[in-house]
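Within every chain, numbering begins at 1; the chains are lettered A, B, ... in the order of the sequence lines, protein sequences first and strands thereafter. The figures that follow rest on heavy atoms only: side chains count, while hydrogens, waters and symmetry mates do not.
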Amino acid sequence: MTPETLAEKVLSATRAAFEALGLDAAALPAVTAVERPRNPEHGDYASTIALQVAKKVGANPRTLAQEIAGRLADVDGVAAVDIAGPGFMNITLDAASAGEIARQIAAAGTAYGYNDSMEGRHVNLEFVSANPTGPVHAGGTRWAAVGDALARIMRASGAKVISEYYFNDAGAQIDRFAASLLASAKGEPAPDDGYGGAYIDEIAQKVLERQPGALESDDPREVFRVEGVDLMFAEIKATLTDFGTHFDVYFNEKDLHDKGELDVAVERLAGQGHVFEADGATWLRTTEFGDDKDRVIKRSDGSWTYFAADCAYYLDKRERGFDKLVLMLGADHHGYIGRMQAMSRAFGDEPGTLEILIGQMVNLLRDGKPVRMSKRAGTVVTLNDIVDAIGIDATRYALTRFSADSSIDLDIELWTKHGNDNPVYYVQYAHARIAGVLRNAAELEIDKGDAYDASLLSHPRENDLLKALAEFPSVVASAAELREPHRIARYAEDLAGAYHRFYTDCRVLPRAGEEFSETGRARLWLVDATRVVLANALGLLGVTAPERM
RNA sequence: GCGCCAGUAGCUCAGCUGGAUAGAGCACCGGACUUCUAAUCCGACGGUCGCAGGUUCGAAUCCUGCCUGGCGCGCCA
């Protein structure tokens, strides 16, 4: 029995108890969940539903719990229900019922963990969106890992997700980039407001290779702009692809301008009555929707602001049919939330249509001190710097295992260590150990067969492992719902620990001279199920599940 | 000044949509290798959950105020 099924049984038993006691069923929640208690004395699963609803209907929680427990105990697969404390229900499952999960996992395979919690949602997920004026930096790297993982997790929860990168290829920063390239090509120092770093020289040289006459052309700066942006963006794309982060759409800001979408967006906003003129500029009255000041969309010199393009881009996404727009930004951009949310409301959208996630800062540490210098990019730490230091798997895992609300100090020494203290190795090693057992089984010509006796999985370590396995779909669903990929990583660590402990205490394959027992067979099903779930969990994070280490 | 994030074991962090004795890894101490991979496991040690109030059967979790650290507050992007 899965926790989800059990929770449904708890709810229906509660409904029946309410009826028997003549209580108002309207006080019942639509769904409930069971917990996995840490204390083994509290059974396999625990429910607090009696405590939650008793007060609403003026009932005694313990009495109510008794009524529910009596009905729940009759459910097939439930071995015992105990009442504890003020009204906790501690539920113990039959070993056979608990052991069923291994069969379900084997049947579902790579689809195990998939759920329908976001079925029908059409989500646009935008992340990284770094300017093509330099390599992807540390903050962008965090989103490259977390955003990609979130896309996978939401897809596994039934959502239709388009991952998208917004390419700011219009505006002043691009002009500065072009000027910096041109200066480099001429052998001049970078302009005061330009970009520095060895990559500028590299790109400038590549532009000259492509266009040997660039400096003599009518508009050298335009040549450097077009070619430089193209080269920089190709490099960013290649970096992200190598990192394993896939984007369905690379969207060009320039297209919005070329198609006149900014005007359309402003007209739309004006039609809603939220646009006004002041001091020669055109403004959006974002204060009407909670922003702390109104925002300029067209400057007094007639040029568009960055925010105007944001409005057009937002409208473009909405018109492509997405009902949920998720935008992932670095903490240094959190000041954007107010105006963006206000703009969404100004278009007439419901609160929650636009969702902005903020990721705190990432620092790379060596010997406990921040790494600041990058050979190529000057002062910033780039995605490639991090990957060069600790590798792709460790980078992705390290960046996804923490809540986006926490800033991260990435310690190079820790993340390259081969041991317990390095979580990515801990999890991957569990998978590799399993792969080893499965290889040995094949060597011995042992097959898990078509069936096993689930009641033989009664060892406490087996029970713990089964419960951990059963939890996976709800972990995926909550990671999707809360937009928190780190829950997958923490779960993977929990599962890996449960496996390592099982492995220490429970022999699977026969020793020399022994026959393959039915217990061994049941355990082989359990081992195989664990391999599937570890691989699926790591897969959702974009981290490899190695066969050998 | 205003806003966002964080403050939980010596360290790095989970837990935060209210539940039982607040968890994990590391560090330190003591154990388990003729290994189905010891990159593992077991035990011990370790806590005023930043501080002070409040809400209630129950608060790390919710509310208010304060303290500390990070980030932000342009007709820049």
Side-chain angles (χ1 to χ4, degrees), chain A residues 35 37-39 41-42 46-48 51-52 54-55 61 84-88 90 131 133 168 170-174 176 193 278-283 292-293 295-307 309-310 330-338 356 358-361 363 368 401-409 411 414 417-430 432-441 443-444 446 461 478 481-482 486-487 489-491 493-494 496-497 499-512 520 523-524 527 548-549:
Chain A
E35 299 170 14
R38 203 163 289 278
N39 186 339
E41 288 172 19
H42 296 153
S47 169
T48 58
L51 288 167
Q52 285 165 19
K55 186 163 54 173
F88 294 100
N90 296 327
N131 289 339
T133 52
N168 298 115
Q173 81 282 11
I174 292 292
R176 288 199 278 272
D193 59 352
D279 304 328
T282 306
W283 302 66
D292 46 11
K293 58 191 74 164
R295 305 293 171 176
V296 172
I297 43 186
K298 190 180 249 183
R299 300 185 188 95
S300 48
D301 67 1
S303 62
W304 294 109
T305 61
Y306 180 87
F307 182 55
D310 282 337
D332 52 345
H333 284 78
H334 78 256
Y336 268 58
I337 295 175
I356 300 177
I358 296 298
Q360 297 298 315
M361 299 297 171
N363 299 304
R401 89 181 279 266
F402 300 106
S403 160
D405 289 339
S406 297
S407 58
I408 297 179
D409 289 330
D411 187 306
L414 168 69
K417 216 182 260 183
H418 290 192
N420 250 4
D421 37 349
N422 183 343
V424 69
Y425 278 96
Y426 184 79
V427 175
Q428 289 185 315
Y429 180 55
R433 265 184 144 182
I434 291 172
V437 171
L438 298 178
R439 274 196 302 275
N440 292 337
E443 189 96 350
L444 295 168
I446 286 172
R461 297 301 198 203
S478 67
E481 183 197 339
L482 299 170
H486 76 273
R487 288 170 184 273
R490 300 295 171 158
Y491 167 80
E493 290 166 31
D494 187 45
Y499 179 75
H500 286 310
R501 289 185 288 276
F502 156 82
Y503 182 87
T504 300
D505 289 353
C506 300
R507 178 83 194 185
V508 179
L509 299 176
R511 296 168 198 276
R523 285 174 177 172
L524 197 51
V527 167
R548 297 171 196 273
M549 288 173 74

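Positionally, the nearest nucleotide of RNA chain B for T48(A) lies more toward the 5' end than for the other of A432(A) and T48(A). Between A46(A) and D292(A), the residue anchored closer to the 5' end of RNA chain B is A46(A), taking for each the nucleotide with the nearest heavy atom.
Among C75(B), G3(B), C41(B), the nucleotide with an atom closest to any side-chain atom of T504(A) is C41(B). When distances are taken from the side chain of W283(A) to each of A20(B), C75(B), C71(B), the shortest belongs to C75(B). Picking from C13(B), G19(B), G3(B) the nucleotide with the shortest atom distance to the side chain of F402(A) gives C13(B). Side-chain atoms of Y306(A) lie closest to A77(B) of the nucleotides A77(B), A14(B), U21(B). Nearest to the side chain of D405(A), among C5(B), A77(B), A14(B), sits C5(B). Relative to the side chain of H500(A), the nucleotides C71(B), C36(B), C41(B) differ in distance, and C41(B) lies closest. When distances run from any side-chain atom of R176(A) to the nucleotides G72(B), C76(B), G19(B), the shortest one goes to C76(B). Side-chain atoms of V508(A) lie closest to C36(B) of the nucleotides A77(B), C36(B), C75(B). The side chain of F88(A) lies closest to A20(B) when the candidates are U17(B), C76(B), A20(B). In this structure, of A20(B), A14(B), C36(B), it is A20(B) that holds the atom nearest to the side chain of H42(A).
Side-chain contact check for I408(A) versus N363(A): every heavy-atom pair is 4.5 Å or farther apart. Proximity of I446(A) to P510(A): side-chain heavy atoms (C-beta onward) are separated by under 4.5 Å at one or more points. The closest side-chain heavy-atom distance from E493(A) to P423(A) is below 4.5 Å. Side-chain contact between S478(A) and R487(A) is present, with heavy atoms from C-beta onward closer than 4.5 Å.
Screening N440(A), I434(A), L524(A) against V508(A) for a side-chain contact (heavy atoms from CB on, under 4.5 Å) leaves a single residue, L524(A).
Rounded to a whole angstrom, the distance from the C1' atom of C71(B) to that of G54(B) is 30 Å. For the P atom pair drawn from U64(B) and C2(B), the interatomic distance equals 15 Å after rounding to whole Å. Atom name C1', nucleotides G46(B) and C5(B): the rounded distance is 29 Å, in whole Å. Separating the C1' atom of G23(B) from that of A9(B) is a span of 10 Å, rounded to the nearest Å. Taking atom C1' in both A59(B) and C51(B), one finds a spacing of 16 Å when rounded to whole Å. A gap of 32 Å separates the P atoms of U61(B) and C73(B), to the nearest Å. G50(B) and A60(B) are spaced 12 Å apart, taking the C1' atom of each and rounding to whole Å. Using atom C1' as the reference point in both A22(B) and C13(B), the two lie 14 Å apart (nearest Å).
Across all strands, R548(A) comes closer than 4.0 Å to base atoms (heavy-atom distances). Among the heavy atoms of the strands, none lies under 4.0 Å from D301(A). Residue contacts shown for S303(A) are absent, as no nucleic acid heavy atom lies under 4.0 Å away. Residue R490(A) is classed as a sugar-phosphate contact, given heavy-atom separations below 4.0 Å to backbone atoms only. Looking at heavy-atom distances under 4.0 Å, A281(A) makes contact with a base. Residue H333(A) is in base contact, counting any heavy-atom pair closer than 4.0 Å across all strands shown. Nucleic acid contact class of L51(A) (heavy atoms, under 4.0 Å, all strands): base.
Here G15(B) presents its C1' atom at 12 Å from CD of E35(A), a figure rounded to the nearest Å. D332(A) has its CG atom 9 Å from the P atom of C73(B), to the nearest Å. The distance between atom CG of D411(A) and atom C1' of C13(B), rounded to the nearest whole Å, is 14 Å. Rounding to whole angstrom units, CD of residue E493(A) and C1' of C13(B) are separated by 10 Å. Rounding to whole angstrom units, CH2 of residue W304(A) and C1' of G74(B) are separated by 19 Å. At whole-Å resolution of the value, OH in Y336(A) and C1' in C73(B) are 12 Å apart. We find that CG of N422(A) is positioned 16 Å from C1' of A27(B), with the value rounded to whole Å. In this structure, K293(A) atom NZ and G74(B) atom C1' are separated by 8 Å, rounded to whole Å.
For K417(A) and C26(B), the shortest distance from a side-chain N or O to OP1 or OP2 is not below 4.0 Å. An OP1 or OP2 oxygen of C41(B) is reached within less than 4.0 angstrom by a side-chain nitrogen or oxygen of Y426(A). Dashed line: the shortest gap from a side-chain N or O of R461(A) to OP1 or OP2 of C42(B) is under 4.0 Å. The side chain of R299(A) contributes an N or O atom lying less than 4.0 Å from OP1 or OP2 of C76(B). An OP1 or OP2 oxygen of C16(B) is reached within less than 4.0 angstrom by a side-chain nitrogen or oxygen of R487(A).
Below the 3.5 angstrom threshold, one finds a donor paired with an acceptor across the side chain of S300(A) and the base of C75(B). You won't find any donor-acceptor pair under 3.5 Å spanning the side chain of D494(A) and the base of A24(B), going by distance alone.
Judged by Watson-Crick or G-U wobble contacts below 3.5 Å, the nucleotide G43(B) has C29(B) as its partner. When both pairing distances are held under 3.5 Å, U21(B) makes no Watson-Crick or G-U pair with any nucleotide shown. Here G65(B) sits opposite C51(B) as a Watson-Crick or G-U wobble pair (both hydrogen-bonding atom distances under 3.5 Å). Of the nucleotides present, G70(B) is the one that pairs with C4(B) by Watson-Crick or G-U wobble criteria, both distances under 3.5 Å.
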Determine, step by step, whether Y499(A) and V527(A) satisfy the side-chain contact (heavy atoms from CB on, under 4.5 Å) criterion, reporting the C-alpha distance in whole Å, the side-chain angles of both residues, the deciding distance to 0.1 Å, and the verdict. CA-CA 8 Å; Y499(A) 179 75; V527(A) 167; 4.1 Å; yes
ring-ring contact (aromatic ring centres under 6.0 Å, His included) for Y503(A) and H500(A)? Distances and angles first, verdict last. CA-CA 5 Å; Y503(A) 182 87; H500(A) 286 310; 7.7 Å; no
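Ion pair D301(A)/K298(A) not flagged as a salt bridge, since none of the NZ, NE, NH1 or NH2 atoms sits closer than 4.0 Å to an Asp/Glu carboxylate oxygen.
Between the CE atom of M361(A) and the OG atom of S407(A) there is a distance of 9.0 Å, given to the nearest 0.5 Å.
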